[in-house]
Amino acid sequence: MPSDFWYGLAPELALLGVVVIAMALEAMRVGARWSQGAFVGATVAALAVLYTQLGADYSAVLLDGELRVDRLAVAGKAVLLLCGFGVAAWFPGSVRGHKFWILAGASIVGGMLMLGAASFATLFIGIELLSLPAFALIVLGQGRTVASEGAFKYLVLSSVASAVLLFGASIGYGLTGTLRLDAFAGLFTTGGAQGQAALLLVLAGLFLKAAVFPFHAWAPDAYAAARLPVTAWMASVVKAAVVLAIVRIVGPSALGSAAVPVITALAIVSIVFGNLAALGQSRFRRLLAYSSVAHAGYMIFALLDVTGSRGADLLWYTAFYGLATVLACASFAVLCPGEDDTLERLDGQFGRRPVASILLALSMLSLAGMPPLPGFFAKLFVFRSVIASGHTIWAAVAFIGSFLGLAYYVGIALRLFRPSASPATAPAAERMRQRDESTA
Amino acid sequence: MAESTMLVTALLLPFLAALVPAVLGRRGALPRVATLGVMLAVLWLVVTLFGAFDGGSGHAQFAVDAPFIPSLGIGLRFAVDGYNAYLLLLTALLFPVVLACAWGTAEGRSPLYLVLLLLLEGALLGTFLAQDLLVFFVLWEAVLIPMVLLILVFGGPQRRRAAISFFLYTMAGSVLLLAAVIFLGAEAARQTGQWAFDYATLAGLQLSRPQQGLVFLAIALACMVKSPLFPFHAWLPLAYREASPSGTALMAGVLSKMGAYGFLRLALPLAPEGASSFASLFVGLAAVSIFYGAVLALRQRNYKLLVAYASLSHMGYIVLGTFSLQATGLHGAMVQMLSHGVTVAGLFLLLGLLEQRRGAAYLQVHGLATRAPRFAAVLMLFVLASLALPLTSGFAAEFLVLLGAFGAGMARWQAGHGVGVLLATLLAATCVVIGATYMLRFARSLLFDDSALPERLTPDLRPRELLALAPLLLLIFWIGVRPGAWMERTEGTITGLARPVATAVLGAQPHAE
């Protein structure tokens, strides 16, 4: 039992170690690069542990009724750590201060706790540990009022989400007399109206965190307020943790009859709305925010599955989506250093930085679901489950919605090949824009 | 066994070789020579496979099968069968020709161009070889990426608009194709208990009539955009005009055949009842496409657009032959795929060579016959093949198509299904005459019309260019003189294809009555 405790929690402990080390390093006034190195090292070590756990199909109960390890938890933690590794390793000039790594480490530990949660208590601690550092990350190191506005919106709506989630959990507690998640999962079919209400409230709370339409209003402001690595963090680690936590709660069984139409509608509307809204964006982070609404739609679409492959589908989806988003943000940061993220800055970058341009183009096409890139297979798995569960018509509608997304993803990719404005005028325009921002 | 190895080599070689120009960069002629060498090696492999292919049986041969996503029954299955034999040959032949014609140009010197050509060739060969619907879909879409980049980087002044409209149009067409693909996989899972995407399993599924209709329409939409067929051709003029000559030659020569191939390979075998119930509609669309393309070509002053619309018109014959659902018409459609691919690519490449010599002013060139006699002779041969002169491949193909369509029309008339198909066939036959008119006018204006004397001389075809175009001419006359020898390759497949479809037609008749 104790050995299980240490072995099963090794990834969490490694990241907690990073938090402690980064705090110590900050006190010792060492360069922030060391914290980053520790973070990268810890994620790699944790990934190695998870790899062996995955290979051995490891599962154990770490704290009875509170914390466990199974395939979903192990693979989900690996997804979070991969995204975290991407944020830590791919961004250029990435000395962002010790605090960044402290907060990032805490946030990812929260995500991992959620995936291992066996009761609402642990899940709730995990959610708060995941999203409170994210809130701090948005404001960190920025003097801009926009940043605090975005962060504040995120904080308020995220607290509302927590409250709604708690409300749903408490109804569930009233019905079952326990906080255990596996008891809760049975409510959807047996719990009657109250059980359905509990389910929908819990889901609504998590949908708010995952930025599903119509709970998405915070996302564009928060994404745009944050700096690119933080935007990538929110879109990859935070979203993946929340979506996989939904799978953790509802389990592999079919949803109740009341939930199916609601989730179908939310998924389709998210996909269509997210893609349509993203079409009109001229700034990269806002575009990513709306595109993440659409992707949240695909992810909850997978909840309709009745074939039991929901967990696997969403693991693939979150992994591909998260990694592609991190890669896109990182290559955007390489192409357009600084805070200005208007899309015009991408014009003609292929001539100047071909490798980063190709990476950005590939990640955009992957997000669009263009075969043969990984994003296509992620979508394929989701749509396969949905169609196999008998929702062919809705899947076709969602396909058409996803086609809308293609236009802006490809638009970005095409911009890279566009002849750019003459180099003499470009910096001047940029300087003017910066001055506007500082006076605003 | 050795043949399967050759097949895998032919498929993988272009992808692997795409690294070579990328690594070599701009080092004189070396990347070009290496690329051409790879393309010729692939051509040799494909020709050998084509020669070894037994057309009588109609089964997929030289099959390779590697698991890809076993839990979904997706496998990397590739094989040569009667459907793809011609198209493999066409693809493998056109790429070295295209590269040879672009040899000395700025694009020919660019490593990116060579990489894109190789990726495109690999993806196209994979699309045609695939025996797994999902792998087919992946490669079908993958073809778009290098093609769009070819337009975008090496195209004309409006290349951005052309690239994005081409991309969005074709992607829109295949949105529902993916839904149909997954639906078929799910049906396989329901009926056999196992997810499967290989053609053989999917063709054996029991689908209800409405299901077949939907599957057919989803596939047909993708193919109609890709071919293109009226009324989904709106991307064509812009894309064909703005792409560089090699891009246009490949789009018209091979990419358009993907649509035609999709009809033959997917729509008919996977949804025979759906195909038979929509056959009259598609015969009608094909006839309109033929007529519309011909009329627009008549009115064009721009040579490139003229050939583009002529190509739209000629693609219609393939669809017409396919939806005659008769062995003769299907044979015609197959031969027309090869013939049109070779002819239209040759025409676009010649216009490209002219553009290399004269720049944008090539549209005002007249009287080539006296200034560049070899150029004129070669162009004239392609023109004659294009207007379906007997002894050229175009004649064999269009004759078979019209014969098949006529047979189908007569059969439907006698069975009391109206004269629609017959009238459509008559319209298509009339357009052969319009075709002769615009092609001969094109030739007269370019070759003989001496009214406006150009100041600069146009150099004649160089031996390299002549050598590059010679295989296309050889193929045109070979097919034209001995079509029977070629048709043997697809005999088994077409008999196998025509039978279930014909039964579906006969089975459908009592319902329709």
Side-chain angles (χ1 to χ4, degrees), chain A residues 307-309 312-313 316 347-348 350-351 354-355 357-358 361-362 364-366 368-377 379-419, chain B residues 15 22 68-69 71-74 111-112 115 119 123 126 134-145 148-149 151-155 157 159-161 163-164 166-190 195 197 211 214-215 218:
Chain A
T307 60
S309 60
D313 295 341
W316 287 116
D347 290 359
F350 179 71
V355 176
S357 298
I358 285 179
L362 283 181
M364 280 294 140
L365 290 179
S366 181
M370 174 90 193
L373 299 165
F376 165 73
F377 290 99
K379 276 209 180 80
L380 173 73
F381 294 143
V382 169
F383 280 109
R384 175 202 68 115
S385 301
V386 172
I387 289 181
S389 312
H391 304 280
T392 312
I393 305 287
W394 293 116
V397 174
F399 270 125
I400 294 169
S402 79
F403 174 71
L404 296 171
L406 201 64
Y408 61 87
Y409 289 123
V410 173
I412 291 189
L414 292 190
R415 267 181 189 280
L416 298 165
F417 296 91
R418 185 186 266 188
Chain B
F15 287 115
F68 181 46
I69 307 177
S71 64
L72 287 185
I74 304 171
L112 181 64
V115 171
L119 290 179
L134 212 112
V135 174
F136 168 85
F137 180 80
V138 167
L139 288 162
W140 159 286
E141 298 287 25
V143 165
L144 272 181
I145 301 176
V148 166
L149 283 177
I151 302 178
L152 193 66
V153 180
F154 302 104
R159 54 181 185 265
R160 272 181 51 82
R161 253 187 71 209
I164 199 156
F166 171 64
F167 189 85
L168 290 183
Y169 245 96
T170 37
M171 282 301 280
S174 34
V175 165
L176 288 180
L177 176 59
L178 180 57
V181 169
I182 301 179
F183 171 77
L184 285 172
E187 268 309 301
R190 209 173 56 77
W195 282 82
F197 286 98
Q211 282 176 334
L214 288 177
V215 168

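Letters A, B, ... mirror the listed sequences (proteins, then strands); counts begin at 1.
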(Q) I need the minimum non-hydrogen distance between Glu141(B) and Met370(A), along with the two atoms involved. (A) O-CE, 3.1 Å
Q | Value rounded to 0.5 Å, distance of CD1 in Ile182(B) from CZ in Phe399(A) | A | 4.0 Å
Q) Less than 4.5 Å apart, any side-chain heavy atom of Phe167(B) and any of Leu414(A)? A) no
**Q.** Side-chain heavy-atom pair Leu380(A), Ile74(B) within 4.5 angstrom cut-off
**A.** yes
Q) Take atom CH2 in Trp195(B); do more than 12 heavy atoms of anything else shown fall under 6.0 Å from it? A) yes
**Q.** Choice from Ala172(B), Ala189(B), Ser71(B), Ala180(B) maximising heavy atom contacts with chain A below 4.5 Å
**A.** Ala172(B)
Q. Rounded to the nearest 0.5 Å, what separation is found between the CZ atom of Phe403(A) and the CG atom of Leu176(B)?
A. 10.5 Å
**Q.** For the student: nearest non-hydrogen atoms of Ile145(B) and Pro371(A), plus distance
**A.** CD1-O, 4.1 Å
Q: Could you grab the distance from atom CZ of Arg384(A) to atom CZ of Phe197(B), nearest 0.5 Å is fine?
A: 8.5 Å
**Q.** Region of Ala179(B) that comes under 4.5 Å of a non-hydrogen atom in chain A
**A.** both
**Q.** Contacting region of Phe376(A) [heavy-atom separation from chain B under 4.5 Å]
**A.** side chain
Q) Can you tell if the side chain of Leu112(B) reaches within under 4.5 Å of the side chain of Phe350(A), non-hydrogen atoms only? A) yes
Q: Among Leu139(B), Leu144(B), Val135(B), Leu152(B), single out the residue with the greatest number of heavy-atom pairs under 4.5 Å to chain A.
A: Leu152(B)
Q: Between chain A and each of Ile164(B), Leu178(B), Val153(B), count heavy-atom pairs under 4.5 Å; write down the option with the most.
A: Leu178(B)
**Q.** Heavy-atom closest contact (Ile400(A) atom, Val175(B) atom, distance)
**A.** N-CG1, 3.8 Å
Q) Of the backbone (N, CA, C, O) and the side chain (C-beta and beyond), which part of Leu72(B) lies under 4.5 Å from a heavy atom of chain A, both, or neither? A) side chain
Donor-acceptor pairs under 3.5 angstrom involving side-chain atoms of residues 386-395 of chain A: please list them, not counting sequence neighbours.
unit_1    : atom_1 : unit_2    : atom_2 : d
Ser389(A) : OG     : Val306(A) : N      : 3.0
Ser389(A) : OG     : Ser385(A) : O      : 2.6

**Q.** CZ on Phe381(A) to CD1 on Ile69(B), rounded to 0.5 Å
**A.** 4.0 Å
